[in-house]
2 protein chains.
Amino acid sequence: MVKRTSLAGNECPIARALDVFGDWWSLLIIRDALIGRRRFGEFQASLGLAKNILATRLRSLVERGILKMVPASDGSAYQEYVPTPKGHGIFPILVALRQWSEEFDEDPDEIATTLVDREKGKPVKKLALYSQDGRMLSAVDTALKFRPTAKRTRRASA
Amino acid sequence: MVKRTSLAGNECPIARALDVFGDWWSLLIIRDALIGRRRFGEFQASLGLAKNILATRLRSLVERGILKMVPASDGSAYQEYVPTPKGHGIFPILVALRQWSEEFDEDPDEIATTLVDREKGKPVKKLALYSQDGRMLSAVDTALKFRPTAKRTRRASA
DNA sequence: CCATTCGGTTGCATTATTAAACTATGTTGC
DNA sequence: GCAACATAGTTTAATAATGCAACCGAATGG
């Protein structure tokens with residue numbers, strides 16, 4: 001009854017996303033999945049989290065359509081966890097998180113990797129937000145507009 | 001000793017960002033702060049979280065340089081929490097989360113708001129990743145390159 | 001076969017979250 | 001100036017989530 005308050009059904013799309021993968025480990029599991037890790041043991045070794053936690057997270061991510069289970073690619077009887085299109089859609093979020101650390105981290109020397117374009121090997125550009133007519137937008141150039149069609153549910157939120 | 005494993009000192013910039021605001025509430029507090037909410041009571045009313053949790057989160061976000069406390073703008077003796085530049089830098093992450101929900105949510109009708117450019121009132125474009133020479137990149141067009149200068153710390157991670 | 005790896009589950013201790021009550025200032029109406 | 005209320009928290013106690021280690025069955029490897 002006093003369980004962690006769910007963000008599902010919230011009107012804010014940010015809260016809705018966090019409801020799916022806003023916990024301590026899910027995004028890191030998704031990160032691993034997007035760079036090609038797919039076996040239970042791979043995730044566990046890479047992340048160093050408890051196996052029961054990993055099991056519940058993987059189950060949740062499969063339930064919510066971020067990952068899917070497929071027969072192992074090496075012909076063994078085991079299963080693999082691979083990202084769905086919905087899972088691949090999380091890539092820009094990971095890029096945004098990465099770029100924030102690259103720009104604002106106190107100890108950038110501790111960051112081990114750079115995201116580069118595979119073809120040229122050069123660092124990618126910063127993600128940027130544009131208007132439909134091509135102007136680059138910062139936060140103050142934007143506003144939130146209420147959608148008239150939205151069926152209200154719980155909290156106003158944003 | 002068995003406390004939640006810290007992600008600080010991790011080599012992965014994504015993990016480092018999550019160490020700062022990767023919990024259940026911080027990003028929502030930051031979202032609120034970026035749309036102009038600044039008083040303790042405003043956050044509490046908007047988010048509906050327990051006041052002790054809000055207090056610890058605000059303290060943490062101030063410590064980590066995401067928010068800063070300033071005298072209240074209305075001349076009262078109270079304080080306000082306002083985003084620092086480091087806090088404003090989180091905006092693209094929120095946009096990425098929003099756009100993911102807009103694209104993949106099962107119940108998009110429950111989403112109350114759209115992000116528009118203030119000048120024209122039109123929805124913003126999708127965040128996109130570009131190479132330095134202007135090619136649009138998807139996840140498979142990118143790679144992770146190890147930075148030779150990085151001083152290794154703990155886990156390989158990514 | 002037999003030992004080992006893989007992919008979990010179970011039980012227990014610790015930590016985090018929650019709601020509610022309480023407190024200390026600050027503000028407002030009179 | 002003072003009672004009443006608002007603000008911004010802290011404290012307390014209950015419940016839920018997390019972490020760790022031990023276990024377990026199926027799959028694999030030799």
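Computation of the quantities below employed the complete heavy-atom set of this structure, encompassing side-chain atoms and omitting hydrogens, waters and symmetry-equivalent molecules. Chain identifiers are assigned alphabetically (A, B, ...) following the order of the sequence lines, protein sequences preceding nucleic acid strands; residue numbering begins at 1 within each chain.
Considering only side-chain N and O atoms, B/Arg59 lies under 4.0 angstrom from the phosphate OP1 or OP2 of D/dT10. At the phosphate of C/dA16, neither OP1 nor OP2 sits under 4.0 Å from any side-chain N or O atom of A/Arg4. An OP1 or OP2 oxygen of D/dA8 is reached within less than 4.0 angstrom by a side-chain nitrogen or oxygen of B/Arg39. Proximity of B/Ser76 to the phosphate of D/dT7: no side-chain N or O atom is located under 4.0 Å from OP1 or OP2.
Using a 4.0 Å heavy-atom cutoff across all strands shown, B/Ala55 reaches sugar-phosphate atoms only and no base atom. Here B/Phe43 lies out of heavy-atom contact (under 4.0 Å) with every strand.
Heavy atoms of other residues, nucleotides or ligands lying less than 6.0 angstrom from CD of A/Glu106 number 12 at most. At most 12 non-hydrogen atoms from other residues, nucleotides or ligands lie less than 6.0 angstrom from NZ of A/Lys122.
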>> Checking A/Asp19 against A/Arg64 for the salt bridge (Lys or Arg N to Asp or Glu O under 4.0 Å) test, could you report, in this order, the C-alpha distance in whole Å, the side-chain angles of both residues, the deciding distance, and whether it holds?
In response: CA-CA 10 Å; A/Asp19 182 66; A/Arg64 291 151 178 276; 3.4 Å; yes
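In the helix from C/dC1-D/dG30 to C/dC30-D/dG1, the terminal helix axes, each the rotation mapping four pairs' C1' atoms onto the next four within five end pairs, subtend 30°, rounded to 10°.
The CG-P distance, from B/Leu49 to C/dA20, rounds to 14 Å in whole Å. Taking atom CZ of residue A/Arg38 and atom C1' of nucleotide C/dG7, one finds them 17 Å apart after rounding to whole Å. Rounded to whole Å, the distance from CG on A/Leu54 to C1' on C/dT9 is 13 Å. Distance A/Trp24 CH2 to C/dT15 P: 15 Å, rounded to the nearest Å. Rounded to whole Å, the distance from CG on A/Leu47 to C1' on D/dT18 is 15 Å. Going from atom CG of B/Asp74 over to atom C1' of D/dT7 covers 11 Å, rounded to whole Å. Between the C1' atom of D/dT11 and the CD1 atom of B/Ile53 lies a distance of 13 Å, rounded to the nearest Å. The CG atom of A/Leu58 sits 14 Å away from the C1' atom of C/dT9 (whole-angstrom rounding).
In the set C/dG26, D/dG19, D/dG9, the nucleotide with an atom closest to the side chain of B/Ala77 is C/dG26. Comparing atom distances between the A/Trp25 side chain and each of D/dG19, D/dA8, C/dT27 picks out D/dG19 as nearest. The side chain of B/Tyr78 sits closest to C/dT27 out of C/dA19, C/dG8, C/dT27. Of the candidate nucleotides D/dA26, C/dT17, C/dT18, C/dT17 has the atom lying nearest to any side-chain atom of B/Arg57. With C/dC6, C/dG8, D/dA17 as the candidates, the nucleotide lying closest to the side chain of A/Lys51 is C/dG8. Among the nucleotides C/dG8, C/dT27, D/dC20, the one closest to any side-chain atom of A/Phe40 is C/dG8.
Between A/Asp23 and A/Arg4 there is no salt bridge, since no side-chain nitrogen of the basic residue lies less than 4.0 Å from a carboxylate oxygen of the acidic one.
Closest-nucleotide positions on DNA chain C for A/Asn52 and A/Tyr81 were compared, and the one nearer the 5' end corresponds to A/Tyr81.
Looking at A/Ile30 and A/Ile93, their side chains never come closer than 4.5 Å, going by heavy atoms from C-beta outward. Counting heavy atoms from C-beta outward, B/Thr142 and A/Phe91 have side chains that approach closer than 4.5 Å.
In this structure, B/Arg31 contributes its side chain and B/Leu94 its backbone to no donor-acceptor pair below 3.5 Å. In this structure, B/Ser26 contributes its side chain and B/Phe21 its backbone to no donor-acceptor pair below 3.5 Å.
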